[in-house]
Amino acid sequence: MAFYELANPHRFMTLARCLTPACAVAAVVLLAVGFVLGFRAPADYQQGETVRIMYIHVPAAWLGLGIYTLMAISALGTLVWRHPLADVAAKAAAPIGAGFTLICLLTGALWGRPMWGAYWVWDARLTSMLVLFLLYLGILALWRAIEEPGQAGRAVAILTLVGFINVPIVKFSVDWWNTLHQPASVFRIDGPTIHPAILAPLLVTTLGFAALFVALHLAAMRNEILRRRVRTLRLLAAAEAR
Amino acid sequence: MIAALRAVFVRDLMIAFRVGGGAGIGVVFFLALVTVIPFAIGPDLPLLARIGPAVLWIGALLASLLGLDRIFSADHDDGSLDVLLLAPVPLELIAAAKGAAHWVATGLPLVIAAPLLGLLLGLEPRMLGAIALTLLLGTPALTFFGLVGAALAVALPRGGLLVAVLILPLTIPVLIFGVAATVGAAGGPVPFDMPLRLVGALSLATFVIGPVAAAAAIRQIRD
Amino acid sequence: MIAALRAVFVRDLMIAFRVGGGAGIGVVFFLALVTVIPFAIGPDLPLLARIGPAVLWIGALLASLLGLDRIFSADHDDGSLDVLLLAPVPLELIAAAKGAAHWVATGLPLVIAAPLLGLLLGLEPRMLGAIALTLLLGTPALTFFGLVGAALAVALPRGGLLVAVLILPLTIPVLIFGVAATVGAAGGPVPFDMPLRLVGALSLATFVIGPVAAAAAIRQIRD
Amino acid sequence: MRLIAENLTCVRGGRTLFRNLDFEVAAGRALLVTGPNGAGKSSLLRLLAGLLRPAAGRIALEGSEPGQPAGVSAHFIGHLDAAKGALRAAENLAFMQALLGGGGRTVAEALRAVGLDGLAEVPVRMFSAGQRRRLALARLIVAPRPLWLLDEPTTALDAEGQETFAALAAKHLAGGGIVVAATHAPLKISAQEIRLGAGGAA
Amino acid sequence: MRLIAENLTCVRGGRTLFRNLDFEVAAGRALLVTGPNGAGKSSLLRLLAGLLRPAAGRIALEGSEPGQPAGVSAHFIGHLDAAKGALRAAENLAFMQALLGGGGRTVAEALRAVGLDGLAEVPVRMFSAGQRRRLALARLIVAPRPLWLLDEPTTALDAEGQETFAALAAKHLAGGGIVVAATHAPLKISAQEIRLGAGGAA
Ligand code: HEM
Ligand SMILES: Nc1ncnc2c1ncn2[C@@H]1O[C@H](COP(=O)(O)OP(=O)(O)OP(=O)(O)O)[C@@H](O)[C@H]1O
Ligand SMILES: Nc1ncnc2c1ncn2[C@@H]1O[C@H](COP(=O)(O)OP(=O)(O)OP(=O)(O)O)[C@@H](O)[C@H]1O
Ligand SMILES: [Mg+2]
Ligand SMILES: [Mg+2]
């Protein structure tokens, strides 16, 4: 029996079953509190009501970046320590990370329309986020392209790490590129020093989104483990049918 | 006969989607390309908008070229081309079905994604619809011209560049009229519908020329 | 060991030249590409000159992408990858030799032809030398990043688009600095030598990262 | 039904492999093509399938629709297995069935007949050499065709697989079919034999 | 020199092909691996070559440089011939010689030994199946290695080619080499035998 790849996650499955609902509840509560606080907070004198997009936009940006880091760590887990859960964690995280990155891009674009008069400008920070999104999409595509989960996991791990090394280079080069061709013609987003009244709800919603991520991630990991179990059983059944 | 052709079409599509990274890969490719080009040109939005149609058309060209050289040679390498030649269906139609599958996997996603990508490039709103329409009419011509190059390279394990060289010159008219139609839609110096009709006419012509020439090439080259 | 690596290099080059249409094919490809682009953009010479370096760099990117997905998968398909893995030479070096051969067949012709093509695009004379120099320093980085994508697609029969999607984001820094150095040479706002050094540094880095990651990918993926 | 080759000459790569070959195979009969490596066995089969053009001579399949090339009434299984690694066994076979016109056994039956019923849903990429060969043989029965052109059909097959093949071929012959097979190994079917060139490997 | 496999377990595609396999092959001895299609013969050879990782167990080649994986002292000839169609036979073989370190017969001698001397300058694309196989076998003697791992080495070979192979193997064994060969056909070399899984094709 080839349960070598299934044996280990047993304890994890039990743990995940308990933790998922807890995190989901925490996410709902924190997000509710955060949004209420956010709507009570004063509107920005310059940006008006649209500033409230920030309570989604910024946590999504942070999570998009954070989840990629998590995947890079998982990649080490896959390649160096060969931990059986590492590639499951990486695989489950990828679509969620891509989702948060997309939310950041979309909310940013919606925000940019009233602020800059265009949905999109080739600003350094925006563009590096778009590149991050592309990296996510490449990773998702590679997951799909290689059917054997173990193989796919190791391939994606390498891609994730190469991408990770590259992220600072991209960031650096993009900053440089941008200042080169377009010196400060664009409204700089890191402008307003953040007022505590805005910071508090921002932190709360960030925690809320983080809890949401943990809940989604655990559930996705469980699904992935079950999917692999089904796959193995089907191959075994195929073998024993004769 | 319809069943056989559908089988060829579905098989090629299934392979493209399974080993190529899924149905969305074409869109992702265009997104990546449209992201990369400003890095080469500079983040100059008016300039990007000016050459936006060209960027999208060159993206379509690229997507048609990448992997095109394997359309027939992959089948040659694993022996399935022999079986295709023994099917009770003319090779011309089989070539057309394979071309259609390649277009669905690479050309169609661009057509669908073009308006969105146009936004990134700062195209005028009036152009967004036009670019999708011209690409819809024009990209088949790129793929079906490409079919001829792919057929000529059928026995070559790595004919990528060669195929590109063979078909790039053929695609020039499609490019010219396609871009002209898009620019015309935004009130450019030329009218919109004349080049558009020409693009459509080119595509219709390649629907015939491409598969017929490709089938002839395959029959002639295999000795 | 040197003999083994030279053998790999020579073999890949021989195959590229024999089945890919000979040593001139790379130059012909760039010529075709540079001819096609004005058709897409329109015969606007100042504009062409403005985006000339970008055109040449995108041409280099394209040439690196076409056929790249077959670097390892062709060897996988015919069993020679197994033999390469049993050679008394680290797979990293073999991957590097294969990358070098691909570069000689696709990148080097562009470097040589670039000044000529620059004339066609109406580049300033001062830029002609600069573009050749930056391409010489930068195109290896494109190929060697591409090596990683090719290795990840080693078992996929038609991974062209997928490989492109995987490596396009990685090549962005090379493009940025490459174009910047070229523009800088013509007296642009930035100095010439700083981005040029960065391009060189990136190429040096990919000489290590590319083959190491590619070899790791091949070892990890083949089960 | 009768396969007739008259005066057949085959030239490949500028070299004449055989000339003035004449043979006939009647319905229900098998023809084994033997000879050293490079003698032209595979080339003869490709000629019969219409995949190569003879330098001289004529091939006819009497009793099939007139004017049709012999190939369209024939199955051809060459050295390669014509299966796509990315597709599952059943998908590969269903494709062949649809392409070749169907009318024979179902995909499931054919897979069972060649002993692959447990592997229908496994991608062919994972198949062993013998399993791939079995899948290629399954093609013969999902779309019935009177003429089977088989190039070393039992390569990579185990003893049981060779029996399976012999049974399939015997049934095909009993139904009035024709088998032409190139082989170096004994095939366990009663057959006339034609031996090509004694020139050796070169 | 001695090839030792201890407690070997092989898992592929989630399925255990064999477990706790133990065997030893001494210098000058041959081991035939037999078994039905899909039993894991090719997989075992790939394990021995280091091209696959065992799920459990140990492989060692005593007497080779310590710490070296067995693969670097081994020739591996799989189902595929590892030849490039675009290159001539001599070019292909010269490449293999340079890659694997050389030290054996010259390219011309090796081609003569496998009966391809007339075809040295012909592109391999034009080769027949048996000619390709002969070219693969020529690799064995242009770069001497103590361990030969051969997957159905006589596929597509004619009777004379099989004799040639038997002679090569005999000479290798006489020189203290080791041969491990998977096969469905008798190989005409005296050998111990190991039979894998009786599970059948799946
Ligand atoms: C598609 C467009 C946009 C993208 C991709 C984007 C991306 C990002 C990212 C990645 C961050 C996190 C950066 C970090 O913490 O280091 C961020 C933060 C932020 N963004 Fe955006 N953004 C976009 C549009 C906008 C717009 C239009 C505004 C408002 C004018 C805006 C305002 C902010 C603010 C205030 C922060 C928090 C600043 C900080 O943490 O220092 N963003 N954005
Ligand atoms: N790449 C792979 N991934 C997963 N499973 C594989 C792979 N290759 C082979 N298998 C499976 O492993 C089993 C053994 O395959 P192997 O090729 O070792 O068989 P074999 O004994 O050599 O058979 P044959 O006589 O047909 O050559 C088969 O059931 C096959 O489906
Ligand atoms: N595509 C080709 N172009 C030119 N010559 C070829 C081609 N294919 C085969 N030949 C030559 O034709 C001759 C016969 O090849 P063929 O494959 O018919 O032999 P065969 O009898 O099937 O041999 P084997 O027993 O090795 O399979 C060989 O000498 C071979 O070199
Ligand atoms: Mg043959
Ligand atoms: Mg085998």
Side-chain angles (χ1 to χ4, degrees), chain A residues 94-95 98 101-102 105-106 108-110 112-113 116-148 151-152 155-156 159 163 166 169-186, chain B residues 13-52 55-56 59 62-63 66-67 70 74 105-106 109-110 112-125 127-128 131:
Chain A
T101 309
L102 183 62
L105 285 168
L106 290 180
L110 289 177
R113 181 69 184 169
W116 307 328
Y119 289 108
W120 185 261
V121 291
W122 293 95
D123 168 82
R125 181 188 252 170
L126 274 58
T127 311
S128 12
M129 208 59 185
L130 185 57
V131 173
L132 180 68
F133 185 57
L134 285 178
L135 285 174
Y136 270 120
L137 292 179
I139 285 168
L140 288 175
L142 194 58
W143 271 118
R144 293 204 37 163
I146 305 179
E147 202 170 330
E148 170 75 44
Q151 262 173 43
V156 170
L159 180 64
N166 208 45
I169 303 180
V170 170
K171 178 87 183 88
F172 157 65
S173 62
V174 168
D175 280 338
W176 195 77
W177 163 71
N178 207 245
T179 51
L180 166 66
H181 293 278
Q182 209 183 1
S185 74
V186 182
Chain B
L13 215 52
M14 251 165 28
I15 294 174
F17 285 166
R18 283 217 193 131
V19 304
I25 195 74
V27 177
V28 179
F29 170 74
F30 294 119
L31 186 61
L33 196 77
V34 166
T35 313
V36 163
I37 283 180
F39 287 114
I41 288 176
D44 179 342
L45 213 51
L47 177 62
L48 285 173
R50 157 87 178 71
I51 63 168
V55 167
L56 291 173
L62 253 181
L66 279 171
R70 296 290 292 159
T106 62
L110 174 60
I112 295 168
L116 191 72
L117 301 178
L119 271 184
L120 286 182
L121 291 170
L123 292 194
E124 288 173 39
M127 258 193 203
L128 297 182
I131 183 85

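All chains are named by letter (A, B, ...) in the order of the sequence lines, taking the proteins before the strands, and each is independently numbered beginning at 1.
- If you measure heavy-atom distances from A:L134 to chain B, the contacts under 4.5 Å come from the side chain alone.
- No donor-acceptor distance shorter than 3.5 angstrom exists from the side chain of A:W122 to the backbone of B:T35, with no hydrogens or angles considered.
- Interface check for chain A: of the options B:V28, B:L120, B:L31, the most heavy-atom pairs under 4.5 Å are formed by B:L120.
- For chain A, the nearby part of B:F17 is the backbone; its heavy atoms alone come within less than 4.5 Å.
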